[in-house]
Protein chains: 2
Amino acid sequence: MSRTRFDRLNCGVARALEILGDWWTLLIVRDAFFGVRRFADFQADLGIARNILADRLRRLVEHGVLAKVDVGRSGVRHEYRLTEKGEALLPVLTALREWSDEWVFGPGAEPVIVRDRATRRRVPRLEVRSDDGRVLGRRDLRTEPGPGASAETRALLERRP
Amino acid sequence: MSRTRFDRLNCGVARALEILGDWWTLLIVRDAFFGVRRFADFQADLGIARNILADRLRRLVEHGVLAKVDVGRSGVRHEYRLTEKGEALLPVLTALREWSDEWVFGPGAEPVIVRDRATRRRVPRLEVRSDDGRVLGRRDLRTEPGPGASAETRALLERRP
DNA sequence: CAGTATCCTCGCAGATACTG
DNA sequence: CAGTATCTGCGAGGATACTG
């Protein structure tokens, strides 16, 4: 059988993964954050096959993460630019990079450092926090059905104390 | 040719994706955060094939995200529990869920609401912030080579102003 | 219950040639 | 330059049967 699709699942993580969850997509988005905009530049930087790249870019445009903009004369050049929806992925990429910096590369071996342009200081770690500033872990959180919860989601959450 | 592997790439996002970037892995981790611990429970909840689930669990244990714990008598029951490294993925899952809640489901249609157990209040959005509390977007950030940067990473970052 | 062993099918991906 | 078309194949993923 073919791959199970997640786009009907009543779960935010699943839906996001249906769009972003394959091997290449988030790397393409990362490149977009770094300022890459042209087909050839994505291709050269990632070493991805041209047809795969074309497919991923098309999907990202369909989902509104990137916008394909005609630039220059006669539509022979295009650029792929992050939309607002795309830029909203910054916390996702940041969280992945920070996790990897700490747990895969190890502290002190990060390939990239990110600073606030204004203050020149390193950006504080991305953490789940409460109103009053406490850092929250899994056990500090309580999940409950939201307005968009399906019956299954509701049942699932109630089974789990 | 087979898939390009990312585990030699000098990039945090790529390394993280080499571990987490397939279709199922982050959903398994999400379930673990929800409190799922048993093979059969993962299988029933996700509808994933048993051999694929076994493979993913093994990989997650190898990478230290989950720990396989013998429980009960004579090693006939096991549980998979999040390690510290695994729990450190909370921001990643949170970022994905929040992005999806806002941009895929739309505001007011979130399947799940997350509250701070202590205050009962909803958890503030995960945002990249500066020391002084400003919310930072892509253009507010400056990336530079870190201590673990390879020559390629260094060159890449310098090409991009 | 928690897997392993097999088999099978597509989808993902790479390589290359071609086109407006 | 920015793709499309075509070929090819590995392997991810699904289904099922079996086992300690």
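The CG atom of B:D70 lies 12.0 Å from the CZ atom of B:R77; values are rounded to the nearest 0.5 Å. We find the CZ-CZ distance between A:F33 and A:R97 to be 11.0 Å, quoted to the nearest 0.5 Å.
B:R37 forms no cation-pi arrangement with B:F39, by the criterion of a distance under 6.0 Å to the ring centre and an angle within 45° of the ring axis.
Following rounding to the nearest Å, A:D70 (CG) and D:dA2 (P) show an atom-to-atom distance of 11 Å. Straight-line distance from the CD1 atom of B:I52 to the P atom of C:dA2: 19 Å, rounded to whole Å. Put simply, NZ on A:K68 is 16 Å from P on D:dC1, counting in whole angstrom units. Atoms CD1 (A:I48) and P (C:dT16) sit 16 Å apart, rounded to a whole Å. In this structure, A:I28 places its CD1 atom 15 Å from C1' of D:dA2, rounding to the nearest Å. We find that CZ of B:R37 is positioned 13 Å from P of C:dA2, with the value rounded to whole Å. For the pair A:R59 CZ and C:dC12 P, the computed distance is 8 Å after rounding to whole Å. D:dG20 atom P lies 17 Å from atom CZ of B:F39, rounded to whole Å.
For B:R38, whose side chain is taken as the heavy atoms from C-beta onward, the closest listed nucleotide among C:dC1, D:dT4, D:dC1 is C:dC1. Taking the side chain of B:R58 as heavy atoms from C-beta on, and the options C:dT4, C:dG14, D:dG3, the nearest nucleotide is C:dT4.
Pair assignment for D:dC7: C:dG14, on the basis of Watson-Crick or G-U wobble contacts that are both within less than 3.5 Å.
Between A:R3 and the phosphate of D:dA12, there is no side-chain N or O to OP1/OP2 separation shorter than 4.0 Å. At least one side-chain nitrogen or oxygen of A:W24 sits closer than 4.0 Å to the OP1 or OP2 atom of C:dG14. Contact check, A:Y80 against D:dC1: no side-chain N or O comes under 4.0 Å of OP1 or OP2. Between B:T4 and C:dG14, a side-chain N or O to OP1/OP2 separation shorter than 4.0 Å is present. Distances shown here put every side-chain N or O of B:H78 at or beyond 4.0 Å from the OP1 or OP2 atom of C:dC1.
The nearest heavy atom of DNA chain C to B:A40 and to A:R5 marks one nucleotide each, and the one closer to the 5' end goes with B:A40.
Not a single donor-acceptor pair, N or O on each side, falls under 3.5 Å between the base of D:dG3 and the side chain of A:N51. Side chain B:R50 to base C:dG3: a donor-acceptor pair is found below 3.5 Å.
With sequence neighbours left out, B:E127 forms a salt bridge (charged side-chain N to carboxylate O under 4.0 Å, His left out) with B:R129.
Centroid-to-centroid, the aromatic rings of A:F6 and B:W24 come within less than 6.0 Å.
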